[in-house]
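What you are looking at is a predicted structure, and each value in this text was computed from that prediction instead of being measured. Quick note: numbers below take in every heavy atom, side chains included, and nothing from hydrogens, waters or symmetry partners.
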Amino acid sequence: MTILEVLICTYGRRLAGIDSGGLPQVGGVRYLVSCQLPEDITPGQAMAACRQLSQRKDVEIRFVDGKGLSNNRNAALDAATAPLALIADDDTSFDADGLRGIIARFDADPALELITVRSIHDCGSQYPPDGHDLARPFKRYWPISIEIALRMEAVRRRRWRFSPLAGIGAPYLAAGEENIFLHNAVRSGAKCRFADIAVASHPGETTSGHSGGTPGTLRAKGACLRIIRGWATGLTRIPVEAFRAPCPTLRALLYIFQGYVYSIANRRYL
């Protein structure tokens, strides 16, 4: 019986780059790979390029239409059948004990609807103490996508979705989808906690690290400032974030403000 599904989102030929060795075989755990396909590759070509992965009994590969990471994440959530799910990327390696730890944490508290966990990465986040209530901000803590585990009953009942207007492949905001998702989950009144469980590792920099100075990422920062911090506080933080950005301050100021305004115009969809 599958208890936890690891929802791995990928795109086109990146499917062949998923390391089967980073997906440990764990009782009660399976991996659901959701792959969007560009026009230059067919499902047959994609499957042929990842024969080792496709032969695993605990791995299911699904091909989906559309573009954008958030759309892909939503497709994976729709396809999930297990009681629990962990959001994942195609360059993530997992720890077997960490996956078991997620199951144990949800089993220990039936009221728990969402947890964030710990991963090894280079984005500089500082983790709160175990059991921290995610409704209370913690300084220098910003969970990334691969650190979010969910009770699927809550996902469906509360209609949690990733906004297609944010994330890689989105039309204007190239990041921030996990921040908006978590903010909306907490705001819905769900029981959301941090669990100090080491679950995954992510090689190299995250999107905010290697693309922190790009227009789309800076616009996403501006949108998240307003959505998460509120109208007034978010506005006052724009100059600070522009000064810290890895690009000329005036340019960053423009892009962050554009994202702030975009979030107002599209607040119903974010």
Side-chain angles (χ1 to χ4, degrees), residues 7 68-78 80 83-87 102 105-106 109-118 123 125-168 170 172-196 207-208 217 219-238 240-241 256 259-270:
L7 308 181
L69 179 56
S70 286
N71 285 320
N72 203 354
R73 295 231 192 270
N74 290 335
L77 288 173
D78 289 340
L84 305 175
L86 173 67
I87 304 300
I102 290 176
R105 184 60 60 97
F106 278 106
D109 186 353
L112 199 56
E113 296 174 84
L114 179 153
I115 62 173
T116 56
V117 295
R118 184 158 47 87
C123 77
S125 179
Q126 293 186 5
Y127 293 102
D130 187 63
H132 177 78
D133 186 348
L134 296 179
R136 293 166 38 227
F138 189 82
K139 189 175 182 180
R140 292 185 60 79
Y141 176 54
W142 45 86
I144 59 178
S145 295
I146 63 172
E147 297 175 340
I148 302 173
L150 308 156
R151 194 182 296 277
M152 288 304 301
E153 181 277 330
V155 172
R156 297 183 178 105
R157 172 168 47 85
R158 296 185 181 275
R159 299 180 181 179
W160 289 341
R161 308 291 285 177
F162 286 88
S163 173
L165 296 186
I168 296 172
Y172 201 68
L173 310 177
E177 74 284 356
E178 68 269 65
N179 305 91
I180 298 170
F181 181 91
L182 280 170
H183 173 74
N184 290 335
V186 169
R187 192 176 61 174
S188 73
K191 185 174 182 179
C192 306
R193 299 290 186 267
F194 169 71
D196 193 11
T207 300
S208 61
T217 302
R219 288 171 181 143
K221 183 179 288 292
C224 289
L225 283 175
R226 188 202 64 80
I227 293 168
I228 297 171
R229 293 179 177 265
W231 295 66
T233 303
L235 191 62
T236 60
R237 288 288 303 180
I238 290 177
V240 177
E241 298 298 334
I256 294 173
Y260 182 96
V261 173
Y262 182 83
S263 75
I264 297 172
N266 296 276
R267 57 187 177 275
R268 291 180 57 191
Y269 309 104
L270 288 166

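- With values rounded to the nearest 0.5 angstrom, Phe181 atom CZ is found 4.5 Å from Phe162 atom CZ.
- The one candidate from Leu112, Leu114, Asp109, Ile115 that meets the side-chain contact (heavy atoms from CB on, under 4.5 Å) condition with Arg151 is Leu112.
- Contact detail for Ala149 and Phe106: the closest heavy-atom pair is O-CZ, 3.8 Å.
- The distance from atom CG of Leu173 to atom CD1 of Ile168, rounded to the nearest 0.5 Å, is 13.0 Å.
- One distance of note links CD1 of Ile148 with CG of Leu182; it measures 4.0 Å at 0.5 Å rounding.
- Taking every heavy atom of both residues into account, Ala174 and Ala220 meet most closely at N-CB, 4.3 Å.
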Sequence neighbours excluded and cut-off under 3.5 Å, please list the side-chain donor-acceptor pairs for residues 223-231, or say none.
unit_1	atom_1	unit_2	atom_2	d
Arg226	NE	Ser263	OG	2.6
Arg226	NH2	Ser263	O	3.2

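- With Arg267 contributing its side chain and Ile264 its backbone, the two residues share a donor-acceptor pair below 3.5 Å.
- With respect to the salt-bridge test (charged N to carboxylate O, under 4.0 angstrom), the residues Lys221 and Glu241 qualify.
- Here the CG atom belonging to Asn179 is positioned 12.0 Å from the OG atom belonging to Ser163, to the nearest 0.5 angstrom.
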**Request:** Check the pair His183, Ile180 against side chain to side chain contact (heavy atoms under 4.5 Å, CB included), reporting the backbone distance first and the verdict last.
**Result:** CA-CA 5 Å; His183 173 74; Ile180 298 170; 5.6 Å; no
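- The backbone N or O of Ile144 sits less than 3.5 Å from a side-chain atom of Glu147, completing a donor-acceptor pair.
- With sequence neighbours left out, the ring pair (Phe, Tyr, Trp, His ring centres under 6.0 Å) criterion links Tyr141 to Tyr127, Phe194.
- Using cut-offs of 30° and 60° on the angle between ring planes, the pair Phe138 and His132 is perpendicular.
- A side-chain hydrogen bond (donor to acceptor under 3.5 Å, both in side chains) with Glu113 is found for exactly one of Arg158, Arg193, Lys191, namely Arg158.
- Of the inter-residue distances, the one linking Arg118 atom CZ with Asp130 atom CG reads 9.5 Å to the nearest 0.5 angstrom.
- Atoms CZ and CG, from Arg161 and Asn71 in turn, are 9.0 Å apart once rounded to the nearest 0.5 Å.
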